[in-house]
Every structure is written in structure tokens, then in C-alpha cells.
Amino acid sequence: MKNQILHNPMCSKSRATLEMLMVRDVDVAVMDYQKTPPSKEELREILKLLGKQPLDIIRIKDSLFTELGLATDNGYSDEQWLEVLVAHPKLLERPIVVYNGKAAIGRPIENVLAIL
């Protein structure tokens, strides 16, 4: 998987993480995941690198989660949660940085520093 940041330009944490990468001259592709959502396969790869399950990277406190009638105890399979993320990329936790075969969620930003 290529070096990249799944970025939301409207998110202060995402902007701060991107700025930190730029200051350190870390070469990553900037992927605005709301304009170009990752595929299920890309999400699977990211989850493997993170060592997490799909529900772990879903913003369950986002109002959209509730508006869609979603609940953490609804019995969805990992595959169904991936489908939710592909259909509603706004729910993806952000930012996620993939670098040299490792990945981290930039909340807090120190998580990203640990993989550089």
C-alpha cells in the first residue's frame, strides 16, 4: 500500500497531521477520502496495518451514524461495516496515515509520529 494520508481538509486534527508530515518532509499522497473514498479492499489493507476491526475506525459519535439508524450492537459483520464506510466515508475516523507498511490514526497526532 502506498504512503498516504486519508485526509479531511475540514478537520483540524487532519490538517495538523498533514502539516506535521509536511514540516518533517514525509512524502505521502494526500487522499481526500470524502471526494475519493477508499474501496473495501483498501480499507481491509488499512485495517490489517492498524490491527483493528472496521467498527474501530468508524466515528460512532458522528451525527450521521445516528441519522443512519446505526448502532454498535446491531450485529453487523465486518463486511457490512466496510460497506457502511464505503457508502458513507464521512464516518471514517481521521486522519489515517499509512507509511512504510505501517498505519496509524492521527488522534492523537503522536500516534502518527510513532510510525515515522
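Hydrogens, waters and symmetry mates play no part in the numbers below; they use all other heavy atoms, side chains included. Position 1 is the first residue of the sequence, and the numbers go up from there.
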Following the transitive rule for hydrophobic clusters with a side-chain heavy-atom cut-off under 4.5 Å over Ile, Leu, Val, Met, Phe, Trp and Tyr, establish whether I115 and V30 coincide in one cluster. yes
Test item: L82 and L47 side chains (from C-beta on) under 4.5 Å apart, heavy atoms: yes
Atom of Q80, atom of S77 and distance for their closest heavy-atom approach: OE1-N, 2.7 Å
With the 4.5 Å side-chain cut-off for hydrophobic clustering, are I96 and L49 part of the same group? yes
With a 4.5 Å limit on heavy-atom distance, are the side chains of H7 and R94 in contact? no
Run the numbers on D56 and L50 for side-chain contact (heavy atoms from CB on, under 4.5 Å), then give the verdict. CA-CA 10 Å; D56 297 332; L50 288 169; over 6 Å; no
Relative to each other, are the rings of W81 and Y76 parallel, tilted or perpendicular (30° and 60° limits)? tilted
Nearest heavy-atom pair of T17 and I5: which atoms, and what distance? CG2-CD1, 4.0 Å
Strictly below 4.0 Å, N to O, side chains only: are E79 and R44 in salt-bridge contact? yes
Can you establish whether the number of heavy atoms outside K40 located under 6.0 Å from its atom NZ is more than 12? yes
Joint cluster assignment, V28 & I46, ILVMFWY side-chain distance < 4.5 Å: no
Flag side-chain contact, heavy atom, 4.5 Å: Y99 against D27: no
Applying the side chain to side chain contact (heavy atoms under 4.5 Å, CB included) criterion to Y33, which one of L43, L6, L85 satisfies it? L6
Per the side chain to side chain contact (heavy atoms under 4.5 Å, CB included) rule, which among I57, I60, L70 passes with L91? L70
For N3 and A29, indicate whether the former's side chain and the latter's backbone hold a donor-acceptor pair under 3.5 Å. no
Could you check V97 against Q4 for side-chain contact (heavy atoms from CB on, under 4.5 Å), going step by step and ending with a plain yes or no? CA-CA 6 Å; V97 176; Q4 64 182 327; over 6 Å; no
Under a 4.5 Å cut-off applied to non-hydrogen side-chain atoms, are P89 and V86 in contact? no
Find out whether I105 and P95 are in side-chain contact, i.e. whether some heavy atom of one side chain is under 4.5 Å from a heavy atom of the other. no
Side chains of K2 and V98, heavy atoms from C-beta outward: is any pair under 4.5 Å? no
Note, V112 side chain near M20 side chain (heavy atom, < 4.5 Å): yes
Let me see the working for R24 and L113 under side-chain contact (heavy atoms from CB on, under 4.5 Å), right down to the final yes or no. CA-CA 10 Å; R24 285 177 163 61; L113 289 172; 3.4 Å; yes
Mark yes when over 12 heavy atoms from residues, nucleotides or ligands other than M22 sit less than 6.0 Å from its CE; otherwise mark no. no
For R107 against R59, the heavy-atom pair lying closest together: NH2-NH1, 3.8 Å
Short side-chain to backbone donor-acceptor contact, E45 and E42, under 3.5 Å: no
Does any part of the side chain of K13, heavy atoms only, come nearer than 4.5 Å to the side chain of I109, both counted from C-beta? no
